[in-house]
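Below, chain A is the first sequence line, B the second, and so on; all start at residue 1.
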Protein chains: 2
Amino acid sequence: MTTIQDVAMRAGCAISTVSRVLNGSPHTTEATRVRVMAAVDELGYRVNTIGRSLKTQKTGAFGVLIPSITNPVFASSLGGIEEAARTAGYDIIVTTSNYDPGRDGEAVEALLARGVEGVLLTVTDPATGRVADRLAARHVPHVLLYNQPIDPAVAAVTVDNRRATADLTGEVIARGHTDIGYVSGVFGSSDRARIRYAGYCDRMREAGLKPQAAVEVPFVGQDRDFVAAVARFLNAPTRPTALLCSNDLLAIRIMAAARTLGLRVPEDLSVAGFDGIDIGRMVEPSLATILQPAADMGRQAVQFLFALMRGEREPATLIMPHTFRPGRSLAAARGGTIAGALRAAPAPALNRKTIP
Amino acid sequence: MTTIQDVAMRAGCAISTVSRVLNGSPHTTEATRVRVMAAVDELGYRVNTIGRSLKTQKTGAFGVLIPSITNPVFASSLGGIEEAARTAGYDIIVTTSNYDPGRDGEAVEALLARGVEGVLLTVTDPATGRVADRLAARHVPHVLLYNQPIDPAVAAVTVDNRRATADLTGEVIARGHTDIGYVSGVFGSSDRARIRYAGYCDRMREAGLKPQAAVEVPFVGQDRDFVAAVARFLNAPTRPTALLCSNDLLAIRIMAAARTLGLRVPEDLSVAGFDGIDIGRMVEPSLATILQPAADMGRQAVQFLFALMRGEREPATLIMPHTFRPGRSLAAARGGTIAGALRAAPAPALNRKTIP
DNA sequence: TAGGGCGGTGGAAACGTTCCCAAAGGCCGG
DNA sequence: CCGGCCTTTGGGAACGTTTCCACCGCCCTA
């Protein structure tokens, strides 16, 4: 490996001079600058990031913890994160928890050991994990993504999950449904699932309807087990006319399972999701859902993290806007009326706001 | 930050002793071991990876370059990669080219500057990019993933794209289709797209059919442009009865576009993809495709990379097995016969093999 | 012309770790 | 009982970089 030492020798100057030239220090002659750069080119020298990091205590990298890479909503946000990081000259170190609450902690420890300058994280549960606390104790800047922070002192970028699901539930009710079920990933693996369920309950009660118990299904299991679990539920005589799912991937799997069971969506069962993944627009029937701007949330989280690193900003929760995306998976209830749909007040648009 | 120095002071011994205990050197007393570990716990000491890396010239990280995180097939392989890396105690640094041939090079440079010990890469084009050459020149272990290497001295994990597409084309022909089109991502952005097209041509000619010109569509563009481009093609009177797509995501988008245009799949148009992404089984109609074991390919590539790092193995191309996954998107041609399907010889199973 | 200031440069310490080498202590065998 | 060997420990150099400090000319001004 060619080092700064070699360059100095070749250029006939001191190591410190080379370093100055390389870092664009003003105290340097054009002549030496040219000589040094020539030596750099001839030797094919490239600065060693490790040596630099050791001295400067900066690694130029931050960590990202997400539950899963294969869920398109996290893939999208990761895409936004990667882009924003690259633009700023930062590298990202990606790690996953696979929805396992225990792995949140070790994953963050591993990131810390690597010397990341900050961490972006979507934890399984901010209430029980206390991962953010450990980061705070170590003074490592961090931003929660998708999670709703327990402690307002923790920075976060999310949508108003509760309100959004309430809005979505309102859309379903407006289409004449009264028997509306809720299917969810395991509550212990996702605070979003819990919060969204609460939003569903809010709106149901508001409409004078009885919220149903959430059906928790294992999110990462085998397909066969999944279909079996769903079948037990959908074949029951008490099957609802509409089903809210805690996320789009789940909704799409449910639709596929329903088809397997001989149910037609939306004629026999309306389905709605949450996330707004692209694929939801391409499936048949297209999936009604709440759209959250995943890639943009990732980008925003990165900007937020940088601000925190520079000490420019106090931690705050950034609530991103959500929108209802209609889809053919959600139809009027049998016997429901267009008039009923028109009577229902449309959900007011939520604008981005910062809660200090 | 607490350093090894602090621990040594606390434990009342030398820095080197602490280092030995931490690294599990045999030359160490149980008593000192206990004393050191106690000091470590009390001080909450964690080894500084930067300092270690500087000394050992090992970073414990390798780089991953993929075209896009949001394509599920790359997300899946990335999932496999992440898992395998984590198991081995390695971190991964992820970067994307967004199918831009120019960005392959800079991305790899960035990874190298960070001091990765190896690189896993899916480049846009191994023929023109010569990225692998640069890695070889710098003696950085690297494995191509999904790409078919030009130079057999370059390690790679892939499927037999040409043969696989030929197999798939055979399945379509066996269902009585003779007018079979091919839609593809831009050839310049993907060697897979080109090679797969060649496989399609092979099998068409073999069956005495005329291969059609590939329709290249911009893969990352706006949805509106995409639909417009596809519409021009699908509304033409020369529309084929079956369409092969260079990947699943494209196939799913095509199916959605076809629906928008009032075409029924598979009644008016059969569609087949390539990749075997999960979502393809959940869309309606389910997508006929070639399944490549994405996550497993990622894991294998990691193992391969480790072997290369240890100098254990000569570079070679690992061809993973592919399988045809039937789907309702592919039906018998109007006027096609079951007998015709039966007459067609089934594609022989491909087993994994290593080309030395 | 002499002195002061300043721009450019070189030397060296420091970052946190690993690991080689030497020294010290204990134990065993002669 | 003493010498030698082996085990354990300490000291210090090295990894590649940044950056502080000191030094040396040069130029400008008095």
Side-chain angles (χ1 to χ4, degrees), chain A residues 1-40 43-61 89 91 112-117 138-140, chain B residues 1-40 43-61 89 91 112-117 138-140:
Chain A
M1 183 197 290
T2 105
T3 76
I4 200 174
Q5 169 105 283
D6 304 325
V7 176
M9 209 163 298
R10 177 102 180 194
C13 64
I15 292 179
S16 42
T17 302
V18 177
S19 176
R20 266 187 295 264
V21 169
L22 259 32
N23 294 298
S25 158
H27 301 294
T28 231
T29 317
E30 177 64 15
T32 38
R33 217 187 59 74
V34 169
R35 239 175 40 245
V36 166
M37 291 316 280
V40 166
L43 296 169
Y45 168 78
R46 313 188 49 77
V47 60
N48 180 320
T49 324
I50 318 264
R52 168 178 293 173
S53 292
L54 182 57
K55 182 62 189 170
T56 60
Q57 306 287 34
K58 300 225 162 296
T59 51
D91 285 329
L112 255 32
R114 176 142 306 272
V116 294
E117 291 179 42
R138 308 263 277 275
H139 304 105
V140 176
Chain B
M1 183 197 289
T2 105
T3 76
I4 200 174
Q5 169 106 283
D6 303 325
V7 176
M9 209 163 297
R10 178 100 178 195
C13 63
I15 291 179
S16 42
T17 302
V18 177
S19 176
R20 264 187 297 266
V21 169
L22 259 33
N23 292 298
S25 159
H27 302 294
T28 233
T29 315
E30 178 63 16
T32 38
R33 217 186 58 76
V34 168
R35 240 177 37 248
V36 167
M37 292 316 282
V40 165
L43 296 169
Y45 167 80
R46 313 190 49 77
V47 60
N48 180 320
T49 324
I50 319 263
R52 167 178 294 174
S53 292
L54 182 58
K55 181 61 190 171
T56 60
Q57 306 288 33
K58 303 225 161 296
T59 51
D91 286 329
L112 254 31
R114 176 142 306 272
V116 293
E117 291 179 42
R138 308 264 275 276
H139 303 106
V140 176

Under 4.0 Å between a side-chain N or O of [X] and OP1 or OP2 of [N]?
X	N	answer
B:T32	D:dT9	yes
B:T29	D:dT9	yes
A:N23	D:dT18	yes
B:S19	C:dT18	yes
B:R52	C:dG16	no
A:Q57	C:dA14	no

| field | Within-4.5 Å side-chain heavy-atom neighbours: A:H139 and B:M1 | value | no
| task | State, yes or no, whether a side-chain contact exists between A:T32 and A:C13 at a heavy-atom distance under 4.5 Å. | result | no
| remark: The residue, A:R35 or A:I15, whose nearest nucleotide of DNA chain C is more 5′ is A:R35
| If each of B:R20 and B:V47 is mapped to the nucleotide of DNA chain C with the nearest heavy atom, which maps nearer the 5' terminus, i.e. the 5' end? | B:V47
| task | Select one nucleotide: of C:dT17, C:dC19, C:dG10, the one nearest the side-chain heavy atoms of B:I4. | result |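 Comparing C:dT17, C:dC19, C:dG10 against the side chain of B:I4, the answer is C:dT17.
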| request: Between C:dC20, C:dG7, D:dA14, spot the one nearest the side chain of B:K55, thanks. | output: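 Output: D:dA14.
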| Near A:Q5 CD, under 6.0 Å, is it more than 12 heavy atoms from other residues, nucleotides or ligands? | no
| Side chain A:S16 and base C:dG10 donor-acceptor under 3.5 Å |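 By the distance-only test, yes, there is a pair.
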| Do A:T17 and C:dG10 have a side chain to base donor-acceptor pair shorter than 3.5 Å? | no
To the nearest Å, give me how far apart [atom1] ([X]) and [atom2] ([N]) are.
X	N	atom1	atom2	answer
B:R33	D:dT7	CZ	P	19 Å
B:H27	C:dC19	NE2	C1'	12 Å
B:D6	C:dT17	CG	C1'	13 Å
B:Q5	C:dC15	CD	P	9 Å
A:I50	C:dT18	CD1	P	14 Å
B:L54	D:dA13	CG	P	17 Å
A:M9	D:dG16	CE	P	12 Å
A:K58	C:dG16	NZ	C1'	17 Å

| request: For A:T3, report the nucleic acid contact type (base, sugar-phosphate, nothing); a contact means any heavy atom under 4.0 Å. | output: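 Counting heavy atoms under 4.0 Å across all strands, the contact made by A:T3 is with sugar-phosphate only.
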| said: Students often get this wrong, so: under 4.0 angstrom with heavy atoms, is B:T28 touching a base, only sugar-phosphate, or nothing? | reply: sugar-phosphate
| task | Measure across A:L112 and A:R138 and return the closest heavy-atom pair with its distance rounded to 0.1 Å. | result |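 Looking at all heavy atoms of both residues, the closest pair is CD2-NH2, 3.4 Å.
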| task | Kindly say whether A:G115 contributes a backbone atom to a donor-acceptor pair with the side chain of A:T59 at under 3.5 angstrom? | result |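 Yes: the side chain of A:T59 pairs with the backbone of A:G115.
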| said: Applying side chain to side chain contact (heavy atoms under 4.5 Å, CB included) to B:I4 and B:Y45, what does each step give before you reach the verdict? | reply: CA-CA 8 Å; B:I4 200 174; B:Y45 167 80; 3.8 Å; yes
